[in-house]
Amino acid sequence: MVVFDSAYTYKMILERSLAARVTGRDLDGYFDHVWTIYPLAALISPEGSPERIGRPEVHDLAPRHTFIEGRLGRYRRLGRFRRLNLALAQIQLLWLAIRLVRRERIDIVRSEEAYYNGLFAWIVARLTGRPLVIGSWGNPGEIRRQTGRPLMGRMFKSVAAEESFEKFILRRADAVIVQNGDNRDFVLAQGVRPERAAIFRLGNVLHRYHFGDPASREMPWDDLRALGVGPDDELLLCISRLAALKLTDHPLRALGLIKDRCPRAKLLFIGEGPQREELVGLARELGIVDRVIFAGNRDQLWIANLFNGAAAVISPLTGRALAEAALGGAPIVAYDLDWQGDVVVPGETGELVPRHDIPALADAIERLLADRPRARRLGAAVRRHVAEMMDPAAIDAAQREVYRALIDRSFGR
């Protein structure tokens with residue numbers, strides 16, 4: 001299988017212990033080899049960096065996994081002609097992918113979204129006659145309603161243009177894979193036939209450490225003290241990309257509402273993003289700047305160890321991080337958005353509050369802080385619930401069936 005995916009560069013995967021997110025795609029050996037291609041990986045490199053120009057870079061991530069990173073230009077002597085140089089680099093990468101599919105007799109072409117990567121995957125699948133699988137990991141329609149803007153602002157000038165392109169790609173997929181029922185409803189509304197939409201839970205792409213006993217994990221107190229968090233503080237966690245569409249200002253606003261009633265509460269953000277400076281300014285405006293910590297990006301083991309001592313994990317809108325928090329047995333406060341209601345059952349596995357209701361979010365956090373025995377019971381319950389939902393072996397088996405049927409139908413095997 002070849003997968004077009006722009007979530008993380010090779011360097012990010014190594015630094016944050018995220019290899020399982022990629023290696024889990026082979027479904028425990030069902031696919032002999034998986035090639036992951038990040039067409040615009042060089043965007044992460046600083047302006048003027050030599051990594052931006054040249055041939056695609058190939059990395060051996062694991063015995064069954066190869067990671068390929070595209071460049072923003074093919075030739076250094078064309079540095080003044082950026083658009084032409086970018087086009088040449090991307091055309092070379094496209095041709096590399098087509099030759100790879102043919103040479104290695106790859107069965108499946110997959111993309112993790114229906115936009116730039118989806119275009120690459122559609123062209124490769126169309127020219128090689130392979131079945132096309134498109135991932136739709138979220139509810140883009142809901143996010144666009146929140147922001148009034150396209151998700152891919154660099155690629156699309158308007159919401160209408162993005163929606164039209166999205167429908168074009170999704171309707172031409174042989175299978176569309178989603179994370180939950182809410183996401184499935186979204187793709188069905190875009191015209192995807194029900195028999196072509198399959199739910200792929202993410203348990204088989206989580207780091208195995210998350211499935212271990214939370215009681216055996218040790219809080220990284222030396223690191224936390226250096227950040228300004230001590231054992232007497234009530235630690236609130238928000239693990240997310242710091243971006244407006246992730247609603248990361250809402251935990252700050254909630255803490256602002258309860259700052260006097262919960263004087264020991266401190267909010268720790270894990271993640272980076274374009275909204276960071278805005279969030280720092282908001283914390284200062286709310287009078288809580290001394291109670292908000294930005295820890296940046298951290299590896300999976302460091303994050304998993306934090307759940308053991310968290311008073312609450314706040315999830316305005318998260319995916320993988322919500323599953324990890326649940327497996328860590330952490331008390332969770334979440335908005336009733338996207339798939340979060342699948343994980344958090346009100347009063348049983350956590351606190352689920354109406355979407356965008358910041359006062360309700362604040363009240364739910366306060367309830368967990370005021371009744372720690374109840375919070376621990378909710379944390380234990382959500383771990384049991386999600387451990388069953390995210391069982392890697394069961395997920396592998398279900399996904400193999402989807403691929404097997406797709407390959408049989410496409411190749412007549």
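Everything numeric here is computed off the predicted structure, so don't read it as measured data.
- Classified by interplanar angle (parallel below 30°, tilted 30° to 60°, perpendicular above 60°), the ring pair Tyr403/Tyr30 is parallel.
- Residue pairs meeting the side chain to side chain donor-acceptor pair (under 3.5 Å) criterion with at least one partner in residues 234-245, sequence neighbours excluded, are Glu234-Arg264.
- For the pair Arg130 and Glu104, the salt-bridge criterion is not met [side-chain N within less than 4.0 Å of a carboxylate O].
- Outside the 6.0 Å centre-distance limit, the rings of Phe67 and Tyr8 are not counted as a close aromatic pair.
- Between His210 and His207, the angle of the ring planes goes over 60°, which puts this pair in the perpendicular group of the 30/60° scheme.
- Atom CZ of Arg208 has more than 12 heavy atoms from other residues, nucleotides or ligands within 6.0 Å.
- With Glu166 as the fixed residue, the salt bridge (charged side-chain N to carboxylate O under 4.0 Å, His left out) test singles out one of Arg172, Arg171, Arg144: Arg144.
- Counting heavy atoms of neighbouring residues, nucleotides and ligands inside a 6.0 Å radius, atom CZ of Arg404 exceeds 12 of them.
- A salt bridge links Arg21 to Asp5: at least one charged side-chain nitrogen sits closer than 4.0 Å to a carboxylate oxygen.
- Using the six-membered ring where Trp is involved, His250 and His356 have ring planes that are perpendicular, over 60° apart on the 30 and 60° scheme.
- A side-chain donor-acceptor contact under 3.5 Å links Asn204 and Gln399.
- The neighbour count for Arg99 CZ, taken as heavy atoms of other residues, nucleotides or ligands under 6.0 Å away, is above 12.
- Crowding of Arg400 atom CZ: a count of heavy atoms from other residues, nucleotides or ligands under 6.0 Å exceeding 12.
- Qualifying salt bridge (Lys or Arg N to Asp or Glu O under 4.0 Å) partners for Arg298, counting only residues two or more places apart in sequence or in other chains: none.
- Cation-pi check for Arg217 over Tyr209 is met; the charged atom lies under 6.0 angstrom from the ring centroid and within 45 degrees of its normal.
- Of the N and O atoms on the side chains of Thr66 and His33, at least one donor lies less than 3.5 Å from an acceptor on the other residue.
- Residues passing the salt bridge (Lys or Arg N to Asp or Glu O under 4.0 Å) test with Asp342, sequence neighbours excluded: Arg201.
- For Glu195, the CD atom is densely surrounded, since the number of other residues' heavy atoms within 6.0 Å is greater than 12.
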Pair Glu69, Lys11 - check salt bridge (Lys or Arg N to Asp or Glu O under 4.0 Å), show working. CA-CA 11 Å; Glu69 296 184 311; Lys11 182 180 179 181; over 6 Å; no

